[in-house]
Amino acid sequence: MNLRGRHFLSLDDYSTDEISYLLDLSAELKRMKRAGIKPRTLEGKSIALIFEKPSTRTRCAFVVACVDEGAHPEYLGKGDIQLGKKETVADTARVLGRMFDGIQFRGFKHQTVVDLAKYSGVPVWNGLTDKYHPTQVLADFLTVQEQFGHLKGITFAYVGDGRNNMANTLLIGAAKMGMDFRIIAPKSLFPETEIVESGRRFAKETGAKITLTEDVKEGARGCDVLYTDVWASMGEEAEMATRIRLLKPYQINMDMIKATGKENPMFLHCLPAFHNNDTEYSKEIGAMEVSDEVFESKYSRVFDQAENRMHTIKAVMVATLGR
Ligand code: CP
Ligand code: NVA
């Protein structure tokens, strides 16, 4: 499989085989790292990491993956560069493309990452936009594959804000990988028609099933994996109070785990998570999208999932830019 020179902006652009290839490569790179082998396939390369929004996992995953593979990562945070403010995205892209070998972008508008890809002349990787978070879904699927051995036919429910970047990307990814995928959310937070239609189009080719439901019990029944994310994404902090009212019945707790009817369902969350009252934002309200009991339970694989961000991001860079 040759992905040299490709961008990684969304899973829409990647075939089932290409996604499988990236997951297999991630598993291989993970094994190699554990064995102390570092092939340094990005030796001599320089990578720009543009961040309009904060990040722990994505930033650290890119930095460590770069260093493991011999590349130099350069962090360009909010306030460091003029992107879109004093300089157009197209101009910044053309400048960075003359100096760097690859560019990661995390930010608001999906169009920004599309424009960086259009004008830079080097591979561009999407580290999260308001629409999609594709490197996260690779880590999610690697974690599922590690426990269940496969993705096809896995019953997977995303519960909560069904129209955010995670819900959108999981829907497309699950459709591509032939999964039985459900969004469990209030109707007002169902994904946009455009996303559902593309998912259903891909599902026709892979045998995937896409279901949208408001009914928690019905949606959770038979699920191998329950997944959730924060109720208000970065940039939507003003919505928090409304979302809490709307999404309270959609918290993943032990009742929902039991409702799967499975002996050992997996709980996943892209993190950061509000699972107790130990953060500044959750001080008053406490656990939101997941109960502390589930978060800390044997079902929870959230830290394997977080570690897998690094192996999968490394695979994306190695596949598109490596020697
Ligand atoms: N899951 C995720 O993208 O985490 P960060 O926001 O910490 O990068
Ligand atoms: N939906 C969340 C994902 C964080 C990794 C956000 O965009 O804030």
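Just follow the structure's listing: the first ligand is 1, and inside any ligand the first atom is 1. Values reported hereafter were calculated over all heavy atoms of this structure, with side chains retained and with hydrogens, waters and symmetry mates removed.
Heavy atoms of His133 come nearer than 4.0 angstrom to ligand 1 in at least one pair.
Shortest non-hydrogen contact noted between Gly219 and Ile184 is C-CD1, 3.4 Å. A pairwise comparison of heavy atoms in Gly97 and Ile103 identifies N-CD1, 4.5 Å as the closest pair.
Follow the hydrophobic side-chain contacts under 4.5 Å out from Tyr158 and you reach Met177 in the same cluster.
Nearest non-hydrogen protein atom to atom 7 (O) of ligand 1 is Thr56 N, 2.7 Å. Nearest protein heavy-atom neighbour of atom 2 (C) of ligand 1: Arg309 NH1, 3.2 Å. At the shortest separation from atom 4 (O) of ligand 1 among protein heavy atoms lies Arg57 NE, 2.8 Å.
At a 4.0 Å heavy-atom cut-off, ligand 1 touches Arg106 through the side chain alone.
The residue from Cys60, Ala306, Ala139, Cys270 that puts a heavy atom closest to atom 1 (N) of ligand 1 is Cys270.
Annotation: Phe62 is not in aromatic contact with Tyr75 [ring centroid separation under 6.0 Å not met].
Applying the 4.0 Å criterion to heavy atoms of Leu271 picks out, from ligand 1, the atoms 1 (N), 2 (C), 4 (O). Those atoms of ligand 1 with a heavy atom of Gln136 less than 4.0 angstrom away are 1 (N), 2 (C), 3 (O).
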Full working for ring-ring contact (aromatic ring centres under 6.0 Å, His included) between His269 and Phe295: CA-CA 9 Å; His269 190 310; Phe295 188 87; 7.1 Å; no

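Separating the OH atom in Tyr119 from the CG atom in Leu96 is a distance of 15.0 Å, to the nearest 0.5 Å.
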Could you go through ligand 2 and list every pair where one of its N or O atoms sits under 3.5 Å from a protein N or O, giving the atom names and the distance to one decimal?
unit_1	atom_1	unit_2	atom_2	d
ligand 2	1 (N)	Asn165	OD1	2.8
ligand 2	1 (N)	Asp229	OD2	2.6
ligand 2	1 (N)	Ser233	OG	2.7
ligand 2	7 (O)	Asn165	ND2	2.9
ligand 2	8 (O)	Met234	N	2.8

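In the model, Asn164 has no side-chain atom that pairs as donor or acceptor with a side-chain atom of Glu236 under 3.5 Å. Side-chain atoms of Asp140 and Tyr227 include a donor-acceptor pair closer than 3.5 Å.
Checking only distances, Leu128 never comes within under 3.5 Å of ligand 1, N or O to N or O.
Within a 6.0 Å radius of CD in Glu239, more than 12 heavy atoms belonging to other residues, nucleotides or ligands are found.
Under the salt bridge (charged side-chain N to carboxylate O under 4.0 Å, His left out) rule, Glu307 has a single partner from Arg301, Lys314, Arg34, which is Arg34.
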